[in-house]
Every structure is written in C-alpha cells, then in structure tokens.
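One structure is given here, and the rest of the page talks about it.
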Amino acid sequence: MPIGSYTVTVTQSGFQTAVTNNVEVNVATERRVDAQFKTGQVSEKVEVAGDLLPQVETTSAELAER
C-alpha cells in the first residue's frame, strides 16, 4: 500500500458498519485497527392472516365443540 492516510470500513451482516478514519500507513511499519461492532438494526416482518383459522370465542369462558 502506498504511504498515506486511509479510512478503514468494516461491515458484517447484523451489525452497524464500523469506520475508522485517518489511519496512517508508513514505510516498514505495522498498523492495527481494532473495530468494535455494535448490534445493528435487524428487521424481520411476520405477517399473520387469520381468515383460514376457525373463529375463537373470546367473550365467554364456556367450552364447547362444534
């Protein structure tokens, strides 16, 4: 890599992207960048349709079979 200042971006599914700016790279030196992952926003959509299910009586405690 050429000498200079770099931005290091680390991504992983389920986590927020970690970005470290101004990482200096010089001749014959090692450079370590520790990235801290924070839990990202995971979105999941669950849709339930009740039109195919039998009706449930919720206003009475009476048990019965149909």
Side-chain angles (χ1 to χ4, degrees):
M1 294 179 74
I3 295 173
S5 180
Y6 290 86
T7 297
V8 177
T9 304
V10 182
T11 60
Q12 177 63 38
S13 177
F15 294 91
Q16 294 178 5
T17 300
V19 179
T20 304
N21 295 310
N22 300 319
V23 177
E24 293 293 329
V25 174
N26 296 309
V27 175
T29 60
E30 291 184 13
R31 190 60 158 160
R32 176 179 169 156
V33 177
D34 293 324
Q36 294 184 354
F37 280 119
K38 295 179 183 175
T39 305
Q41 175 118 5
V42 177
S43 59
E44 183 175 325
K45 182 177 179 181
V46 177
E47 189 172 320
V48 179
D51 55 340
L52 300 177
L53 300 173
Q55 294 298 316
V56 177
E57 175 61 55
T58 60
T59 59
S60 168
E62 185 177 326
L63 297 175
E65 285 190 32
R66 293 186 188 190

How would you list all residue pairs meeting ring-ring contact (aromatic ring centres under 6.0 Å, His included) that involve residues 3-30, not counting sequence neighbours?
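As it turns out, the ring-ring contact (aromatic ring centres under 6.0 Å, His included) pairs with a partner in residues 3-30, which skip direct neighbours, are Phe15-Phe37.
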What residues form a side-chain hydrogen bond (donor to acceptor under 3.5 Å, both in side chains) with Asp34, not counting sequence neighbours?
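With neighbours one apart ignored, the set is Arg32.
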Could you list the residues that satisfy side-chain hydrogen bond (donor to acceptor under 3.5 Å, both in side chains) with Thr7, not counting sequence neighbours?
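Only Asn21 meet the side-chain hydrogen bond (donor to acceptor under 3.5 Å, both in side chains) criterion with Thr7.
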Could you list the donor-acceptor pairs under 3.5 angstrom formed between side-chain atoms of residues 23-31 and any protein atom two or more places apart in sequence or on another chain?
{"residue": "Glu24", "atom": "OE2", "partner": "Ser5", "partner atom": "OG", "Å": "3.4"}
{"residue": "Thr29", "atom": "OG1", "partner": "Asn26", "partner atom": "O", "Å": "3.4"}
{"residue": "Arg31", "atom": "NE", "partner": "Glu24", "partner atom": "O", "Å": "3.3"}

